[in-house]
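Notes to accompany the following structure.
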Amino acid sequence: MTTNPQRIAFVGGGNMARSLIGGLVRHGADPAALAVAEPNADLRDALARDFGLSVHADNGEAACGAGVVLLAVKPQVMQPVCTALAPTLAHKPLVISIAAGVRIDQIDAWCGGGLAVVRAMPNTPALIGAGATGLCANARVGDAERAAAERILGAAGLTVWVEREDLMDVVTAISGSAPAYFFLLVEALEAAAVAHGLPADAARALATQTALGAGRMLREDGETPARLRERVTSPNGTTQAALDAFAAGGFRDLVANAVDAATRRGRELSAGSGG
Ligand SMILES: NC(=O)c1ccc[n+]([C@@H]2O[C@H](COP(=O)([O-])OP(=O)(O)OC[C@H]3O[C@@H](n4cnc5c(N)ncnc54)[C@H](OP(=O)(O)O)[C@@H]3O)[C@@H](O)[C@H]2O)c1
């Protein structure tokens, strides 16, 4: 077996793998250095057609000799997938897992032990190249492996390292699950506007574009969220009236409770994932 440190093998060729592969290719990665293992023949054919990478029905065949093996299967099949791959990983590639709730020590043990492992938590906007991914590494991950992980996950958006793995549950709560919180806010704004008589399509278009505009200002303006909020809030104006209503309803406590609940649930799922 020849080892090629540049080769990246994806195990599981579903939505997330597709978005990461697409991001890498758009950022100039050589498709010849990418491989994917996927049981579904239609998905394999589509990946080969769209990106020109090598596709395999067998996980070991894809991972054989790769410098990076990225595990993109569902959490519930991680253990059998890793255990079956372990003999193929004897050359100790960097292993990156994006499986929600599966711990680094579990992945390392299932893959044979002694491996450099990065655990990543991307979110669904990665599917359109606007993801936010928390990354956490074990002690075997050096600077070169960190850079490789950042390049791969960074192809689908922003990456942030966290040093303590237990904080990955908070990462899940404020980025992994959080697109749904923003969708909920847009839904609620739309419903409130419709209740006031605005047509639904106009309400959705305005609320959606406002979410996008606010997000872009947060990224591009350089100001803190608090300062941006203050800048659109004139004393006794309409925004102030709405913010007062949010405060009276306990908005900040509600958000804190929601983040607590998601963090707790992440911990429970991690604890229950076996190993
Ligand atoms: N989607 C998200 O927003 C998101 C966010 C953060 C983390 N994640 C994590 O990313 C991982 C992948 O999620 P996804 O949304 O991309 O799921 P997905 O679309 O279902 O992709 C998983 C792929 O793995 C394939 N697969 C199943 N068993 C396999 C095996 N034994 N060997 C190789 N491939 C196998 C599946 O094929 P079949 O369909 O034929 O079974 C499927 O195509 C999950 O662990 C999830 O927790 C996802």
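One-based numbering along the sequence shown.
- Applying the side-chain hydrogen bond (donor to acceptor under 3.5 Å, both in side chains) rule to pairs touching residues 11-25 yields Arg18-Asp50, sequence neighbours excluded.
- Members clustered with Leu189: Leu185, by chain and number, using a 4.5 Å side-chain heavy-atom cutoff among hydrophobic residues.
- Between Cys136 atom SG and Glu163 atom CD the span is 7.0 Å, to the nearest 0.5 Å.
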* Steps toward side chain to side chain contact (heavy atoms under 4.5 Å, CB included) verdict (Arg140, Asp108) -> CA-CA 11 Å; Arg140 291 186 204 93; Asp108 184 39; 3.4 Å; yes
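- Side-chain heavy atoms closer than 4.5 Å link hydrophobic residues (I, L, V, M, F, W, Y) into clusters, and following such links, even through other members, never connects Ile8 to Leu71.
- Using a distance-only test at 3.5 Å, with no hydrogens or angles considered, no donor-acceptor pair links the side chain of Arg7 to the main chain of Val69.
- Side-chain heavy-atom separations under 4.5 angstrom define the hydrophobic clusters, and the remaining members of the one that includes Leu198 are Leu206.
- Within the structure, every pair that satisfies the side-chain hydrogen bond (donor to acceptor under 3.5 Å, both in side chains) test and touches residues 182-192, not counting sequence neighbours, is listed here: Glu190-Arg204.
- Among all heavy-atom pairs drawn from Pro199 and Val194, the shortest one is C-CG2, 4.5 Å.
- For Asn40, the side-chain contact (heavy atoms from CB on, under 4.5 Å) partners two or more places apart in sequence, or in a different chain, are Glu38, Asp42, Leu43.
- One finds the CD1 atom of Ile152 at 6.0 Å from the CZ atom of Phe10 (value rounded to the nearest 0.5 Å).
- Residues forming a salt bridge (charged side-chain N to carboxylate O under 4.0 Å, His left out) with Asp260 (at least two apart in sequence, or on another chain): none.
- Interatomic distance, Lys74 NZ to Ile98 CD1, rounded to the nearest 0.5 Å: 9.0 Å.
- Judged by distance alone, with hydrogens and angles left aside, the side-chain atoms of Thr239 form no donor-acceptor pair with the main-chain N or O of Thr233 at under 3.5 Å.
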* To do: Decide side chain to side chain contact (heavy atoms under 4.5 Å, CB included) for Thr83 and Gln79; before the verdict, give the C-alpha distance in whole Å, the side-chain angles of both, and the deciding distance to 0.1 Å.
  => CA-CA 6 Å; Thr83 309; Gln79 181 166 12; 4.0 Å; yes
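- In this structure, Ala66 and His91 approach most closely via the heavy-atom pair O-NE2, 2.8 Å.
- Under a hydrophobic-cluster definition in which Ile, Leu, Val, Met, Phe, Trp and Tyr are linked whenever side-chain heavy atoms come within less than 4.5 Å, directly or via other members, Leu70 and Val73 are assigned to different clusters.
- Residues satisfying the side-chain contact (heavy atoms from CB on, under 4.5 Å) criterion with Ser177, sequence neighbours excluded, are Thr172, Tyr181.
- Judged by distance alone, with hydrogens and angles left aside, the side-chain atoms of Thr224 form a donor-acceptor pair with the main-chain N or O of Arg227 at under 3.5 Å.
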Show me, pair by pair, the donor-acceptor contacts under 3.5 angstrom made by side chains of residues 111-125, not counting sequence neighbours?
from, atom 1, to, atom 2, distance (Å)
Arg119, NE, Val102, O, 3.4
Arg119, NH1, Glu165, OE2, 2.7
Asn123, OD1, Ala132, N, 3.0
Asn123, ND2, Ser175, O, 3.1

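- Cluster annotation: Ile21 is not connected to Ile128 through the hydrophobic network of ILVMFWY side chains, with a link wherever side-chain heavy atoms come within less than 4.5 Å.
- For the atom pair Thr263 OG1 and Met168 CE, the distance stands at 12.5 Å (nearest 0.5 Å).
- Under a hydrophobic clustering in which Ile, Leu, Val, Met, Phe, Trp and Tyr are joined whenever their side-chain heavy atoms come within less than 4.5 Å, directly or via other members, Val171 and Leu153 fall into different clusters.
- For the atom pair CD of Glu145 and CD1 of Ile96, the computed distance is 10.0 Å after rounding to the nearest 0.5 Å.
- Grouping Ile, Leu, Val, Met, Phe, Trp and Tyr by side-chain contacts under 4.5 Å, direct or through others, puts Met217 with Leu218, Leu228.
- Contact between Ser234 and Gln240 at its shortest, heavy atoms only, is O-CB, 3.6 Å.
- The salt bridge (charged side-chain N to carboxylate O under 4.0 Å, His left out) search around Asp58 returns none, not counting sequence neighbours.
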* Yes or no on side chain to side chain contact (heavy atoms under 4.5 Å, CB included) for Leu53 and Val55, after CA distance, side-chain angles and deciding distance? -> CA-CA 6 Å; Leu53 77 176; Val55 294; 4.3 Å; yes
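- Hydrophobic clustering places Leu89 together with Ile104 (ILVMFWY residues linked when any side-chain heavy atoms are closer than 4.5 Å, directly or through intermediates).
- Taking every heavy atom of both residues into account, Leu94 and Ala149 meet most closely at CD2-N, 4.5 Å.
- Within a 6.0 Å radius of CG in Asp143, other residues, nucleotides and ligands contribute 12 heavy atoms or fewer.
- Residue Gln209 holds its CD atom at 8.5 Å from CZ of Arg216, rounded to the nearest 0.5 Å.
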For residues 154-162, tabulate all N or O donor-acceptor pairs below 3.5 Å that involve a side-chain atom, not counting sequence neighbours.
from, atom 1, to, atom 2, distance (Å)
Trp161, NE1, Glu150, OE2, 2.5

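- The two residues Gly12 and Ala72 come nearest to each other via the heavy atoms O-CB, 3.8 Å.
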* Might you work through the side chain to side chain contact (heavy atoms under 4.5 Å, CB included) test for Met78 and Ser97, ending with a clear yes or no? => CA-CA 9 Å; Met78 275 290 280; Ser97 162; 3.5 Å; yes
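- Asp30 meets the salt bridge (charged side-chain N to carboxylate O under 4.0 Å, His left out) test with no other residue; sequence neighbours excluded.
- Contact check on Arg264 versus Asp169 returns no salt bridge, with no Lys/Arg side-chain nitrogen under 4.0 Å from an Asp/Glu carboxylate oxygen.
- Closest approach of Gly13 to Val36, counting heavy atoms only: CA-CG2, 3.7 Å.
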